Enquirer: 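Please see the structure below; I have some questions.
Values below: all heavy atoms of this structure, side chains included; hydrogens, waters and symmetry mates excluded. We number each residue from 1, following the sequence as shown. Being a predicted model, the structure only gives us computed values, none of them experimental.
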Amino acid sequence: MSLVSSVWVRSPVVLAAAAGLLVLGTGAASAHVKWFCAFDVAGQPRGLAEVLCTDFELMTGLAILCLMVGCLAEGTGFGTALLNALDRVTARLREDTSLIVRAVVGFFLVSVWNLGGIILTPELKTDAAWIPWLQLAMAGCLIWKRTLPLTALGIVFLFGFAVWNYGAFHLADYPVFLGVAAYLALTGLDRTFFGHRPIDVVRATAAVTLMWASVEKWAYPHWTDPLLAAKPAMTMGASPETFMRAAGVIEFTLAFALIWTPLVRRASAIILAAVFISAIFEFGKVDAIGHSGIIAVLIAIAADDARVPATRRDAVLAPVYYVGALTAFLGVYYLAHSVMYGDLYDAAKVASGVPVI
């Protein structure tokens with residue numbers, strides 16, 4: 001067993017420390033690598049046998065333990081006191097959640113209008129001259145509650161336009177945009193989504209977005225090499241390989257926590273928001289614009305005071321659901337890539353008589 005592995009085994013607080021490390025000095029892990037480095041979505045990802053190594057298993061085991069401890073603590077008087085304190089501190093944010101989301105989405109849309117040539121995120125380029133003006137019109141519709149559904153419709157349209165140009169696999173990085181659209185539409189119409197509040201819908205899409213991004217860190221760790229080479233202090237002495245593996249596990253765990261119990265998800269939202277905000281100081285306005293929407297969503301989640309009392313059952317079920325989510329995301333990511341770019345795609349072309357180049 002490597003020295004890194006033994007440290008993970010002997011130190012139950014390492015996950016929290018690693019989360020703090022991400023906040024303090026790992027902008028490369030939280031910045032969206034596709035905005036700053038060369039990438040190839042169609043390239044062959046690292047094999048699952050390499051991903052599911054001993055270090056990975058130890059890290060995920062520790063993550064599950066921390067998640068269970070958080071669930072158990074939530075059901076105590078201490079956990080209740082923390083929730084009450086969070087309610088008091090975030091009271092104003094909670095009252096103005098809709099305004100905050102609208103203002104930040106407006107900032108995002110005006111910013112991409114000003115930059116020009118962007119569909120939704122910096123790497124999604126377009127030559128269509130009408131798109132920036134559509135984005136400006138969408139920003140204008142955020143002023144009035146009744147026109148929020150129009151902005152939502154515009155976001156869905158731009159997402160579909162990006163899928164048409166870049167493919168569904170690429171846009172699987174960004175389901176949070178659909179969540180924001182749903183939030184705006186439901187808020188504007190004063191509706192729920194089959195009984196789920198607007199904040200619950202966008203919270204789920206934020207979790208899916210970040211869990212998918214975590215798998216990408218394991219599948220393509222080399223994409224981040226230029227960033228880590230330019231800022232070696234970010235790894236805090238760890239090898240780039242170990243650093244990206246740990247960053248992915250931490251991000252996946254915090255993302256999963258967004259769909260778990262109230263205190264766990266609110267704490268996770270605070271940590272993730274701090275991570276994304278810290279990355280802005282490293283990477284500047286492009287990162288600020290690109291991540292502004294998800295930061296607003298995370299702030300809204302942190303302020304949400306909806307409670308369902310946590311029980312020991314939540315702690316017992318946490319490992320089951322966590323492993324299930326991890327298995328599902330790894331499986332879907334690799335299967336989808338194989339269908340669209342890999343062996344299954346080549347086999348389909350051969351079967352249809354198209355030559356494989």
Side-chain angles (χ1 to χ4, degrees), residues 8 11-23 58-95 97 179 192 195-211 214 246 248-277 294-329:
W8 279 92
S11 305
V13 297
V14 168
L15 187 65
L21 177 149
L22 279 174
V23 173
L58 292 171
M59 291 174 187
T60 53
L62 181 57
I64 290 171
L65 176 62
C66 291
L67 191 62
M68 293 177 69
V69 170
C71 292
L72 290 172
E74 185 168 342
T76 66
F78 176 70
T80 301
L82 282 178
L83 280 170
N84 291 337
L86 269 176
D87 288 346
R88 290 192 296 272
V89 171
T90 61
R92 184 57 186 271
L93 293 174
R94 186 162 50 255
E95 292 173 5
T97 292
T192 63
H196 297 285
R197 302 171 302 155
I199 186 64
D200 295 326
V201 176
V202 74
R203 176 163 57 85
T205 59
V208 170
T209 297
L210 295 175
M211 284 191 276
S214 303
V249 171
I250 293 168
E251 186 173 6
F252 188 92
T253 304
L254 292 172
F256 176 83
L258 292 178
I259 57 174
W260 210 240
T261 52
L263 181 59
V264 168
R265 68 177 177 241
R266 293 175 76 176
S268 173
I270 292 170
I271 295 172
L272 284 167
V275 168
F276 284 120
I277 291 170
I294 198 166
I295 290 172
V297 168
L298 292 170
I299 291 172
I301 295 169
D304 181 27
D305 63 350
R307 296 194 196 182
V308 175
T311 65
R312 291 183 180 179
R313 184 171 179 269
D314 294 313
V316 172
L317 290 177
V320 178
Y321 281 94
Y322 181 96
V323 172
L326 181 61
T327 302
F329 273 85

Enquirer: Could you list the residues that satisfy side-chain contact (heavy atoms from CB on, under 4.5 Å) with I277, not counting sequence neighbours?
Expert: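 So I277 forms a side-chain contact (heavy atoms from CB on, under 4.5 Å) with F281, I295.
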
Enquirer: When rounded to the nearest 0.5 angstrom, what is the spacing between CG in L272 and CD1 in I250?
Expert: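 Here the rounded value is 10.5 Å.
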
Enquirer: Begin with the C-alpha distance, continue with both residues' side-chain angles, and end with the deciding distance and a verdict on side chain to side chain contact (heavy atoms under 4.5 Å, CB included) for T205 and V297.
Expert: CA-CA 10 Å; T205 59; V297 168; over 6 Å; no

Enquirer: If you compare all heavy atoms of A302 against all heavy atoms of T90, which two are closest, and at what distance to 0.1 Å?
Expert: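 Answer, listing the atom of A302 first, then T90: O-CG2, 4.1 Å.
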
Enquirer: With rounding to the nearest 0.5 Å, note down the distance linking CZ in F276 to CG in L298.
Expert: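 The distance works out to 6.5 Å.
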
Enquirer: Taking the side chain as everything from C-beta on, heavy atoms only, tell me whether R266 gets closer than 4.5 Å to L83.
Expert: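 Contact flag for R266/L83 side chains = yes.
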
Enquirer: Please check: side-chain N/O of R265 versus main-chain N/O of I259, any donor-acceptor pairing under 3.5 Å?
Expert: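 No; judged by distance alone, with no hydrogens or angles, the pair does not exist.
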
Enquirer: In residues 61-74, what donor-acceptor pairs under 3.5 Å come from side-chain atoms, sequence neighbours left out?
Expert:
residue, atom, partner, partner atom, Å
E74, OE1, T261, OG1, 2.7
E74, OE1, L263, N, 3.3
E74, OE1, V264, N, 3.3
E74, OE2, L263, N, 2.9

Enquirer: Excluding sequence neighbours, so at least two apart, what forms side-chain contact (heavy atoms from CB on, under 4.5 Å) with V208?
Expert: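 If we apply the side-chain contact (heavy atoms from CB on, under 4.5 Å) test to V208, skipping adjacent residues, the hits are P175, F329.
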
Enquirer: Measure the shortest side-chain to side-chain distance between I270 and L86 over non-hydrogen atoms and say whether it is less than 4.5 angstrom.
Expert: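 With C-beta onward as the side chain, the pair touches.
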
Enquirer: Name all residues meeting the side-chain contact (heavy atoms from CB on, under 4.5 Å) criterion together with A255; count only those two or more places apart in sequence or in a different chain, and write none if there are none.
Expert: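 With neighbours one apart ignored, the set is L210, M211.
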
Enquirer: Please list every donor-acceptor pair under 3.5 Å in which a side-chain atom of residues 308-326 meets a protein atom from a residue at least two apart or in another chain.
Expert:
residue, atom, partner, partner atom, Å
T311, OG1, R313, N, 3.3
D314, OD2, T311, N, 2.9
Y322, OH, T253, OG1, 2.9

Enquirer: Please identify each residue that fulfils side-chain contact (heavy atoms from CB on, under 4.5 Å) with A267, with sequence neighbours left out.
Expert: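 Partners of A267 by the side-chain contact (heavy atoms from CB on, under 4.5 Å) criterion come out as none, since no residue qualifies.
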
Enquirer: I need the full list of side-chain hydrogen bond (donor to acceptor under 3.5 Å, both in side chains) pairs touching residues 294-309, with sequence neighbours left out, sorted by first then second residue.
Expert: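 Qualifying pairs: N84-R307, D87-R307, R94-D305, R197-D304.
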
